Colleague: 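Handing you this structure, nothing more for now.
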Amino acid sequence: MRLRLAFGLATLVLITAGCSSTAPTPAPTASTARVSTPDTTGQAEREAAFWARRNADRQRFTQADVDFMTGMIGHHAQALIMAAMAPTHGASPELQTLAARIDNAQKAEIATMQNWLRIRGQPVPEVHIEGTHLMIHGPGGHMNHGDHMMPGMLTQAQLDELDAARGPEFDRLFLTYMIGHHSGAVTMVEDLFATDGGAQEDDAFKLASDIQVDQRTEIARMHRMLDARSAD
Amino acid sequence: MRRLSLVALAGVLAACSSSSPVTTPGGSASAGPIRTGPDLYATTAPSPDPRVGLAPGLFDAEEAIWNLRKLSSNAPPEAFLGVTNSDLAFKGDYAFQGNYNGIIVWDLSNPASPEVVMDYVCPASQSDVSVYGDLMFVSGEGLGGRLDCGTEGVREQVSSDRLRGIRIFNIADIRDPEYIANVQTCRGSHTHSLLVDPDDTENVYVYVSGSAGVRPAEELPGCVSASPDEDPNSALFRIEVIRVPLAHPEQAAIVSSPRIFDDLVAPERHGQAPGDIRATEEARARGAFVIEFDGNTFVLPDRQAQNMLHQAMQARGAGEDEEVTAADSAAVQAQLDAFVASRREQTSDGPRPGPTQCHDITLYPEMGLAGGACEGYGLLLDISNPVEPRRLQAVADSNFSYWHSATFNNDATKVLFSDEWGGGGQAKCRADDPMEWGADAIFTIENREMNFQGYYKMPAPQTVNENCVAHNGSLIPIPGRDIMVQSWYQGGVSVFDWTDPTQPIEIAFHDRGPSADGEMGPGGTWSVYWYNGLLVSSEIARGLDVFELTPSGFLSENEIAASKTVRLDYLNAQGQPHFVWPASFALVRAYVDQLERSNGLSTARVTAVRTALSGAESASGSARRAALTALATSLASDAASSGDAAKVRMLVDAVRALAG
């Protein structure tokens, strides 16, 4: 237990320097204003201190975090291929909503993870999709094929099977495969947390935790949707 | 102390100078253009929306503000600069601001110039904070939180140095907190809610919500990550309740782990929105086929209907030129009915996997209710027995990604749940993001049952570089109306009226441009809560913003004055307080303003009542009493003919209370 107080000299100066601004005169009017905060002395230093701290914190990542991000980009990218099929494969409206949400969420998370790697000076995998074929350029490309596949990822044969399905059969296959796919992502998060030094860095912890809760929530939803279709 | 005092000094001074009044439109400090002139009676939102296209900047972003006045903006103290600011709690004149690096306490007695009275470095995400009496509670969830508050993190996967759970401090001396206890939990504490039970003066309770992974049993004995089917001691599918004896807070301990999700089987959607119902009726009217299933209606797409009708005609051997007959329609309808019947059979099987945790629980002890925002569900809980919360109802919604938090209206006839789609780190307010996604869902509560009414989403489209989604907020005590203020991360602060739950409407806002140029930078408002006349916002990167409401056509000066008569000794927004308005002329005039707005009283009557009130106010003693009593009596007879009788009766009660 340690206690550190910033109170003391600094606060004393704050009070005695008389720099506390007077309250703005109340303007008894409703108003819309679009104003710029005036540039103030010391702001550049404050901004520099902000980024210095943030960049220092960002350097607390480990190789386990880098591997997680790199792998998850490819993992997420495959979900995009699956989601893109929904509008053209006779999916039910309910499933199309789900697919649209998955597409929206995972695209954004891929960008976040690429950015995470970029600002830490790590190689960034780029995603290329042609039909049902996923190509990862840069690091992590090998993890999407054959023996190196990440948990829950579909084989090319399974992707093609999904691509060939239509209507209720597409719904059923999509849900089955996406539940497995999402469960794989949850496993990847659990593995990261079970690694010494993994997810210590705040951004990595937040990203991994968000992926875990979002996908676990979606897995439960997909189970319910699948159960409703189980006798089809 | 590790920090260089010179840097600290620069930080404080810089923070101080940033509180210059940028908020007085037209004032000398306002460098930017003012989009529209002041209009006290404006009842339309500004157009074009000034929040669109704001210039980026970390501490110098362009700002837009409407029907609010910003009293101050202050950057965090140096040790916290660049580290995420999180949730807020309040006690007396103090605001307690969580930060991933510890806790900052601000003295708000001069809200135009808040001062840091204490900053306590003790890293742990998310540092969700609550206060009660001399106690302060802080959540730790991240893997780097240490029992000794050290800043070096914990690298090992299993470590006896790690804190994940609740830290308890004695803050009798606010400038010198004493760290008195920890309660470690299996999933840490993402958030927590403090329950002050009106029937229990000896204890308070902490409901712990932990959404992260389960700790290994080697680190915290008894933690089990297997599912409850495999091990009844599973840390999944439950919340934790900590009892804190006020006489011995160091003896705080988990007293129960209620499994409030057991057998949770709720429909994946709420009842239909008014717009959906309207669309269905219109479809019926134009002769479309409508399927009813599971409380919802679905309109058969025209093309599919044509196909089915065509098949029905072929089945009876009709020629190509023949018209569709009533019999064809009946055949299609029968086919649809059979389909629905078969679906109904298929869905009536056993329980499905439910949520394993809540994200946040809002406790409303005066009503004996709590709103649990729990992964894919919104739960209504009976908390009359604090250690054994009981689920009353669960709702789900296919538009909701992740149920995040709940806010009741004051009489608990409505509850609003937020959807933190994307976890708060993603841009979900772009122009093409649906207004039902990442929004608030509003429900009425009747006989302890929730019914969906409508959605609210901050309406200004944000850039792809601004993380934006529904987040924390609180009710503002405007009497007779349901008005709340809410954070939308980089979407800013939005104040809205949800008195009509089907048509919530924004009435004030503040927004900044993106925190970084050309990429998503850190920032946005995490929480904004009403506390004793102020709207206090915790800005993730920029620090602490303090606002107050300004009058407009949406909200009168009297309504704002009445809200300021409500004084709280402390506030933890997830332990919702029941607002009580003391008798005042402001309260009476607020109701009169509302009756004028709703045409619940005629213009002549409103004028007469206002004149009578002025007369009563300038009188004193028995003369005032007599004037008010006479006014109450005359108003009582207005109720019958008013289109807003309930409000007239509230006015009568307020006038009688003022008469004494």
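Please read all numbers here as calculations on a predicted model, not as lab measurements. So you know, we letter chains A, B, ... as the sequences are listed, proteins then strands, and number each from 1.
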Colleague: Using non-hydrogen atoms and a 4.5 Å limit, figure out which bit of B:Asp433 sits close to chain A: side chain, backbone, both or neither.
Modeller: side chain

Colleague: What distance separates A:Phe50 CZ from B:Leu58 CG, expressed to the nearest 0.5 Å?
Modeller: 5.0 Å

Colleague: Who wins among A:Val213, A:Leu207, A:Asp196 for the most heavy-atom pairs under 4.5 Å with chain B?
Modeller: A:Asp196

Colleague: Heavy-atom distances under 4.5 Å only: say whether A:Phe193 touches chain B with side chain, backbone, both or neither.
Modeller: both

Colleague: Side chain, backbone, both or neither: which part of B:Ser125 has a non-hydrogen atom closer than 4.5 Å to chain A?
Modeller: side chain

Colleague: For A:Glu201, is it the side chain, the backbone, both or neither that has a heavy atom under 4.5 Å from a heavy atom of chain B?
Modeller: neither

Colleague: Could you pull out the closest heavy-atom pair between B:Lys428 and A:Ala105, with the gap in Å?
Modeller: NZ-CA, 3.7 Å

Colleague: By a 4.5 Å heavy-atom criterion (distance strictly below it), what part of B:Trp421 contacts chain A: side chain, backbone, both, or neither?
Modeller: side chain

Colleague: With rounding to the nearest 0.5 Å, note down the distance linking CG in B:Leu81 to CZ in A:Arg46.
Modeller: 7.5 Å

Colleague: Counting heavy-atom pairs under 4.5 Å with chain A, which one of B:Gly144, B:Pro111, B:Gly213 comes out on top?
Modeller: B:Gly213

Colleague: Would you sort out whether B:Asn399 and A:Arg101 count as a side chain to side chain donor-acceptor pair (under 3.5 Å), showing the intermediate values?
Modeller: CA-CA 9 Å; B:Asn399 281 322; A:Arg101 190 194 294 284; 4.8 Å; no

Colleague: Do the side chains of A:Thr195 and B:Gln157 get nearer than 4.5 Å, heavy atoms only?
Modeller: no

Colleague: What's the separation between atom CZ in A:Arg216 and atom CD in B:Glu375, rounded to the nearest 0.5 Å?
Modeller: 5.0 Å

Colleague: How close do A:Phe205 and B:Ala212 get, heavy atom to heavy atom, and via which atoms?
Modeller: CZ-CB, 4.1 Å

Colleague: Does any heavy atom of chain B fall under 4.5 Å from the side chain of A:Ala56, the backbone, both, or neither of them?
Modeller: neither

Colleague: To the nearest 0.5 angstrom, please state how far the CG atom of A:Asn104 sits from the CG atom of B:Asp432.
Modeller: 7.5 Å

Colleague: Please rank B:Val214, B:Val154, B:Val464 by heavy-atom pairs under 4.5 Å with chain A and give me the top one.
Modeller: B:Val154

Colleague: Is it true that a side-chain atom of A:Lys206 and a backbone atom of B:Gly425 form a donor plus acceptor pair closer than 3.5 Å?
Modeller: no

Colleague: Could you look at A:Gln212 and say if it's the side chain, the backbone, both or neither that has a heavy atom under 4.5 Å from chain B?
Modeller: side chain

Colleague: Counting only non-hydrogen atoms closer than 4.5 Å, does B:Ala541 touch chain A with its backbone (N, CA, C, O), its side chain (CB onward), both, or neither?
Modeller: both

Colleague: Among B:Ser401, B:Gly153, B:Gly57, which residue forms the greatest number of heavy-atom pairs with chain A at distances under 4.5 Å?
Modeller: B:Ser401

Colleague: What part of B:Arg430 gets within 4.5 angstrom of chain A, counting heavy atoms only: side chain, backbone, both, or neither?
Modeller: side chain

Colleague: With a 4.5 angstrom heavy-atom cut-off, could you sort out which part of A:Asp210 is near chain B: side chain, backbone, both or neither?
Modeller: side chain

Colleague: Does any part of the side chain of A:Thr112, heavy atoms only, come nearer than 4.5 Å to the side chain of B:Met520, both counted from C-beta?
Modeller: no

Colleague: Given side chains that start at C-beta, do those of A:Asp202 and B:Thr84 come closer than 4.5 Å, heavy atoms only?
Modeller: no

Colleague: How many angstroms lie between atom CG of A:Leu95 and atom OG of B:Ser398, to the nearest 0.5 angstrom?
Modeller: 12.0 Å

Colleague: Looking at every non-hydrogen atom in both residues, tell me the closest pair between B:Asn101 and A:Arg53 and how far apart they are.
Modeller: ND2-NH2, 3.3 Å

Colleague: What part of B:Glu156 gets closer than 4.5 Å to chain A, counting heavy atoms only: side chain, backbone, both or neither?
Modeller: both

Colleague: Given that the side chain runs from C-beta out, which part of B:Glu141 has a heavy atom under 4.5 Å from chain A: side chain, backbone, both or neither?
Modeller: both

Colleague: Once you round to the nearest 0.5 Å, how far does CD of A:Glu218 lie from OH of B:Tyr402?
Modeller: 13.0 Å

